[in-house]
Amino acid sequence: MAEHVLPRRTYYTVFAALIVLTLTTVFVSDLPLGRLHMPVALAIAVAKGVLVVLFFMHVLYSPRLTWLVIAAALFWLAILMVLTLTDYLSRGWLPLTNR
Amino acid sequence: LSAKHPAVLAHHFEDLRQQHQAATLGMWIFLATEVLLFGGLFLGYTVYRLLFPAAFGFGSGMQNKLLGSVNTVVLIGSSLTMALAVRGAQVGDRRVLVGCLALTLVLGATFLGIKAVEYTADYEEGTMPGPLFTFRGSEEHPLPEGLGTAGRTAFLKQLEMYFLLYFLMTGLHAAHMVLGMSVICVLLVLSRRGRFGPGYYAPVELMGLYWHFVDIIWIFLFPLLYLVGSH
C-alpha cells in the first residue's frame, strides 16, 4: 500500500527552514516597523504553516480531495472572519444618534 | 474472507490503500472543524486587537519572549520527530518509530513544562483574568503615562481582555497537546508490540496530522501573543 515515502533529508530541510523563519520573526519583532509588524509576522507564520502542511502533513502528495477539504476549511474561516469584521470595522461610519 | 484479506483491513474497504485514504480524509475533515474551533478564538483576538491596539501591544510586551521562542523551537522539533516516526512506520523501522514517538512525548512534555513556568509567572504577576487579575502596573512594566483615572481603569480592563484571550488560546492549545500525548502513549505501546508497518500505519499517520495541526496553531499563536506590538 506504500504511500509516497519522503526522504529523511526533506524533513530535516523543512525543519531547518522552520527554525530560520522562527528566528526571523523574533528578530524582526524588535525592528521599528510600525504598522508593518502584523503583516510581516502573519506572512512568516503563513509560510511556516504552509511548509508544515505540504511536507510534514504530506499534502503535497495527497489526493485532490484532501486539498478540497483544506480549501473548504479556510473558506469557512474566511467567512467567519470577513463577515464579522464587516460589522466591527464599519461601526461608526453612519451618523446614527443612538451609538 | 480470502487469504489475501489482512486482519487490519475492515471488510467494507476494497484494500488497505482505500482504507488508509478514507481514514486520512476523515482526519482532515475533523481538522477542518478544529480550524473553526480555534478560528472563533482567533476572531475574538482580531476584533479586540483592532479595538484595543495599545493594551494588546502592552500585553504582548509583558510576555517572556525568550521562553516563547524556545517553546516554538521545541514544538517544531516535536513535529520533526513525529514526522520521522510516521516515516519509520512507513518503511517498517520499528526502532525509529518507537524512538521518535518517545522523543515527541519528551518534547511535548518540555513544552508544557515551560508553559507551566510562564503561567506561574503570570499568576505571581497578577495577570490571570477574573478575580486573580490584580495587575496595576509594575516596575518592569509600568502603565503608559497620561491615561487619567478613567483611562487607567479602561486600559486595565482591555489588558485583562488580552490576558483572557491569551489564557483561552494557549490553554486550549495545551489541552490539545495533553490529548495528543495521551494518544501517543497508546501508539507507543502498540508500536513496541509491532502493530504497525508499511502495510498498516494509518493510526500513526493520523496522529501525525493531529500533532502537526497543533504545531501550526502555535506557529500562529506565538507571533500574535508574544511578538506583535511587544517592542
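FYI, side chains are in, hydrogens and waters are out, and symmetry mates aren't considered; it's all heavy atoms of this structure. Predicted model, so just to flag it, every value in this text is computed and none were measured. Chain letters run A, B, ... following the sequence lines, proteins first and then strands; every chain starts at 1.
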Please look at B:Phe42 and chain A and tell me whether the side chain, the backbone, both or neither of the residue comes under 4.5 angstrom of a heavy atom of that chain.
-> both

Measure distances from B:Val91 to the heavy atoms of chain A and classify the residue's part below 4.5 Å as side chain, backbone, both or neither.
-> side chain

What part of B:Leu43 gets closer than 4.5 Å to chain A, counting heavy atoms only: side chain, backbone, both or neither?
-> both

Could you look at A:Leu18 and say if it's the side chain, the backbone, both or neither that has a heavy atom under 4.5 Å from chain B?
-> both

Check: B:His173 and B:Lys115 side chains under 4.5 Å, non-hydrogen atoms = no

Interface moiety of A:Val59 toward chain B, non-hydrogen atoms closer than 4.5 Å = side chain

Heavy-atom distances under 4.5 Å only: say whether B:Phe222 touches chain A with side chain, backbone, both or neither.
-> side chain

Compare all side-chain heavy atoms of A:Ser62 with those of B:Thr24 and state whether any distance is below 4.5 angstrom.
-> no

So which of A:Leu6, A:Leu42, A:Val28 has the largest heavy-atom pair count under 4.5 angstrom toward chain B?
-> A:Leu6

Under 4.5 Å, heavy atom to heavy atom: which of residues 66-89 of chain B reach chain A? Give them by number, or say none.
-> B:Ser69, B:Thr72, B:Val73, B:Ile76, B:Gly77, B:Ser79, B:Leu80, B:Ala83, B:Leu84, B:Val86, B:Arg87

Could you look at A:Pro39 and say if it's the side chain, the backbone, both or neither that has a heavy atom under 4.5 Å from chain B?
-> neither

B:Leu41 CG to B:Thr46 OG1 distance, which is reported to the nearest 0.5 Å | 10.5 Å

Engaged part of A:Tyr12 at the chain B interface, taking heavy atoms whose separation is under 4.5 Å | both

With under 30° as parallel and over 60° as perpendicular, where do the rings of B:Phe56 and B:Phe52 fit, or are they tilted in between?
-> tilted

Do the rings of B:Tyr201 and B:His20 sit parallel, tilted or perpendicular, given the 30° and 60° boundaries?
-> tilted

Structural part of A:Leu74 lying under 4.5 Å from a heavy atom of chain B | neither

Out of curiosity, B:Glu140 CD to B:Met62 CE, how far, rounded to the nearest 0.5 Å?
-> 8.0 Å

Looking only at A:Leu89, A:Val46, A:Val14, most heavy-atom pairs under 4.5 Å shared with chain B are made by A:Val46

Is it the backbone or the side chain of B:Leu224 that comes under 4.5 Å from a heavy atom of chain A, or both, or neither?
-> side chain

Part of A:Leu23 lying under 4.5 Å from any heavy atom of chain B = neither

Geometric class of the B:Trp218/B:Phe111 ring pair [parallel <30°, tilted 30-60°, perpendicular >60°] | perpendicular

Criterion ring-ring contact (aromatic ring centres under 6.0 Å, His included) on B:Phe155 and B:Phe58, from CA distance to verdict = CA-CA 10 Å; B:Phe155 188 85; B:Phe58 187 88; 5.5 Å; yes

Turns out that what part of B:Leu209 lies under 4.5 Å from chain A's heavy atoms comes down to both

Given a strict heavy-atom distance threshold of 4.5 Å, which part of B:Gln19 is in contact with chain A: side chain, backbone, both, or neither?
-> neither

Could you check whether the rings of B:Tyr210 and B:Phe30 sit parallel, tilted or perpendicular, using 30° and 60° as the cut-offs?
-> parallel

Heavy-atom check, side chain of B:Arg49 versus side chain of B:Ser60, under 4.5 Å = yes

Do B:Leu225 and B:Tyr162 pass the side chain to side chain contact (heavy atoms under 4.5 Å, CB included) test, and can you show the C-alpha distance, the side-chain angles, and the key distance before you say yes or no?
-> CA-CA 9 Å; B:Leu225 294 172; B:Tyr162 163 83; 4.0 Å; yes

Please flag which part of A:Phe56 lies under 4.5 Å from any non-hydrogen atom of chain B: side chain, backbone, both or neither.
-> both

Got a second to check how far B:Ile219's CD1 is from A:Leu21's CG, nearest 0.5 Å?
-> 9.0 Å

Can A:Thr25 and A:Lys48 be said to form a side chain to side chain donor-acceptor pair (under 3.5 Å), step by step?
-> CA-CA 11 Å; A:Thr25 194; A:Lys48 288 165 78 178; over 6 Å; no

Between B:Thr127 and B:Asp122, is there a donor-acceptor pair closer than 3.5 Å when you use the side chain of the first and the backbone of the second?
-> yes

